[in-house]
Amino acid sequence: MNMQRIRNFCIIAHIDHGKSTLADRLLQFTNTVSDREMQDQLLDNMDLERERGITIKSHAIQMKYNYKDEEYVLNLIDTPGHVDFSYEVSRSIAACEGALLIVDASQGIEAQTISNLYLAIGHDLEIIPVLNKIDLPGADPDVVADEVIDLIGCKREDIILASGKEGIGIEDILNAVVERIPAPKGDPEAPLQAMIFDSVFNSFRGVEVIFRIFNGTINKGDRIKFVNTGREYEADEIGILGINQIPQQTMSAGNVGYLISGIKVAKEVKVGDTITHVKNPCAAAIKGFENVKPMVFAGIYPVDTTEFEELRASMEKLQLNDASLVWEPETSAALGFGFRCGFLGMLHMEIIQERLEREFDMTVITTVPSVQFRAIMTNDEVKLINAPSDMPDPTRFKHIEEPFVKATIITAAEYVGPVIQLCMEKRGQIKNQIYLTSDRVELTFHMPLAEIVFDFFDKLKTISRGYASLDYELMGFQQSHMVRLDVMLNGEVVDALSAIVHRDKAYEWGKRLCEKLKELVPRQMFEIAIQAAIGTKIIARETVKALRKNVLAKCYGGDISRKRKLLEKQKKGKKRMRQVGNVEVPQEAFMAVLKLD
Ligand SMILES: Nc1nc2c(ncn2[C@@H]2O[C@H](COP(=O)(O)OP(=O)(O)OP(=O)(O)O)[C@@H](O)[C@H]2O)c(=O)[nH]1
């Protein structure tokens with residue numbers, strides 16, 4: 001394919017502004033899919049994605065479009081929309097020359113769009129603004145167009161009016177893609193330089209690598225090398241991505257496609273890595289490669305302790321197709337054998353948990369998530385702390401360091417006060433405040449990662465009524481006064497409930513956790529003391545009163561089958577209970593920490 005007739009683009013949109021619907025329309029209009037094949041939201045092909053209405057993994061799809069009697073190849077590259085996956089977004093954007101900026105004409109510009117828009121502008125992408133959902137009675141295209149002009153500085157006539165639902169403006173969008181987005185540049189004769197921007201696990205064919213060629217040409221059967229991992233492979237199959245994969249003999253600069261080369265494990269493939277030839281390699285890797293590191297750690301345990309091996313097998317399978325998931329075995333006195341896992345963020349953690357339950361039928365308990373701290377030991381050794389149990393004795397370290405991020409928040413002027421207040425509550429320090437327009441403010445904070453990963457984004461959205469976008473990058477470690485907070489039930493430490501918290505917040509945390517546990521731990525035949533402690537110092541206490549009656553009492557002398565049923569029910573309930581000392585603790589209690597508000 002002549003490079004002049006290729007266009008690579010992505011779609012940037014705030015959640016629910018109609019990205020998937022519009023993408024489906026583009027596929028239909030270009031006959032990439034027949035109406036019969038058309039399935040709503042074709043691009044989101046994981047069940048989970050569809051239900052959550054979010055695109056978790058990016059994919060690419062090729063369309064052919066006839067424009068002025070010439071056939072063009074349009075590669076639509078899908079981008080995930082959540083900050084947990086921001087690195088993947090940046091790589092997808094780096095694979096494009098242009099982006100459709102979709103704005104709901106009844107909502108106006110919203111915050112989530114903005115950080116991706118800036119990424120796109122940062123990569124010099126041509127932006128095509130599209131006002132979507134103009135069929136809605138509440139649509140106000142004129143006002144929203146003003147906002148768009150304000151934001152990106154385009155001309156009014158550059159803005160396309162569309163409705164994915166009604167199929168309005170689809171042809172205009174496709175024409176604009178051809179007319180306005182530049183053709184890819186690059187030299188097909190140069191040494192091969194292709195960027196991996198995604199990978200898909202296929203249990204039959206192994207890992208499929210999705211790439212964009214910047215320079216050079218790749219042929220089926222070539223000996224290739226991934227520059228950053230240093231691994232070498234044979235290009236067993238290369239091809240383009242239609243609705244199905246279409247194998248090719250050769251592909252060159254400007255193209256987007258997939259590669260299959262017998263890779264069995266997702267971990268071997270790093271998004272952002274460069275593919276080149278073993279012979280005649282390119283001089284340099286494509287810039288921007290990063291090794292993604294887990295940000296959040298938590299224990300995952302089988303609810304039924306006999307299912308440990310099964311859980312291990314499931315985790316191994318999950319890891320085959322999710323390179324960012326890391327784990328190692330761990331034991332807990334309260335929960336038995338399980339795994340300490342590293343995740344990209346809280347959403348990633350929820351997804352893993354849900355996939356374990358759905359795809360592998362495992363019921364699991366997840367313990368208090370934590371970031372990675374570092375202890376600087378008295379002998380200057382650095383010890384990594386991924387779990388409260390890793391926390392060394394206070395006499396053995398000089399101090400603890402915690403990861404800090406530079407957080408950028410963009411919001412409307414009226415929410416600046418509440419946003420600053422929230423950030424201060426989260427131990428943030430404001431570093432900068434810039435008015436982007438008369439109504440849009442960019443705030444920069446330095447803030448502990450631990451405070452951001454939990455519920456920060458939800459809180460931010462609530463106080464700004466959805467009108468705030470958050471982006472953050474790791475700055476490094478800073479000394480912090482962190483302590484390990486333990487929870488005891490009748491004097492017995494429940495290791496799975498321990499957490500590493502800042503000293504200034506420990507009291508509040510302990511108090512709220514004890515209160516919450518009091519609600520969750522059922523009354524038993526004896527009194528239960530719930531205590532929170534730092535070292536030997538008790539900082540909070542609640543009591544669960546003893547229960548007087550026993551459940552069978554009311555069946556005394558009664559119907560035996562009813563009695564059996566009750567016992568049966570109790571036994572089932574027990575499976576979800578954990579024994580800590582002499583106290584039975586329901587599974588929800590281990591998750592209580594996540595819902596302390
Ligand atoms: N009236 C109207 N509704 C639309 C239009 N496009 C999409 N919708 C509706 O808006 C909602 C969101 O559409 P999606 O296409 O799922 O939006 P999205 O941006 O892909 O959403 P996420 O994948 O959750 O980010 C759905 O209920 C659609 O039916 C449109 O042009 N007009």
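Just so you know, residue 1 is the first one in the sequence shown, and it goes up from there. Whatever order the structure lists them in is the order used to number ligands and atoms, beginning at 1. Because the structure is predicted, anything quoted here is derived from the model rather than measured.
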Against heavy atoms of S163, which atoms of ligand 1 measure under 4.0 Å? 30 (C), 31 (O), 32 (N)
Numbered atoms of ligand 1 (with element) below 4.0 Å of H17, judged on heavy atoms: 19 (O)
Atom 31 (O) of ligand 1: which of A13, G164, G169 has the nearest heavy atom? G164
Under 3.5 Å: donor-acceptor pair, side chain of S314, backbone of F360: no
Pairs of nitrogen or oxygen atoms closer than 3.5 Å, one from L22 and one from ligand 1: do any exist? no
With a 4.0 Å heavy-atom cut-off (strictly under), which part of N132 contacts ligand 1: side chain, backbone, both or neither? side chain
Do you see a donor-acceptor pair shorter than 3.5 Å between the side chains of N432 and T444? no
Consider every N or O of K165 and every N or O of ligand 1, then say whether any pair is closer than 3.5 Å. yes
Could you work out, with ring pair (Phe, Tyr, Trp, His ring centres under 6.0 Å) as the rule, every residue matching F9, not counting sequence neighbours? none
Donor-acceptor pair, side chain of R5 and main chain of Y72, under 3.5 angstrom: no
Taking only heavy atoms of L136 into account, list the atoms of ligand 1 that are under 4.0 Å away from them. 1 (N)
Can you check whether T79's main-chain N or O pairs, donor with acceptor, with K19's side chain at less than 3.5 Å? yes
Taking heavy atoms and a distance under 4.0 Å, where does D16 meet ligand 1: side chain, backbone, both or neither? both
Using the six-membered ring wherever Trp is involved, compare the ring planes of F339 and W327 and label them parallel, tilted or perpendicular (cut-offs 30° and 60°). perpendicular
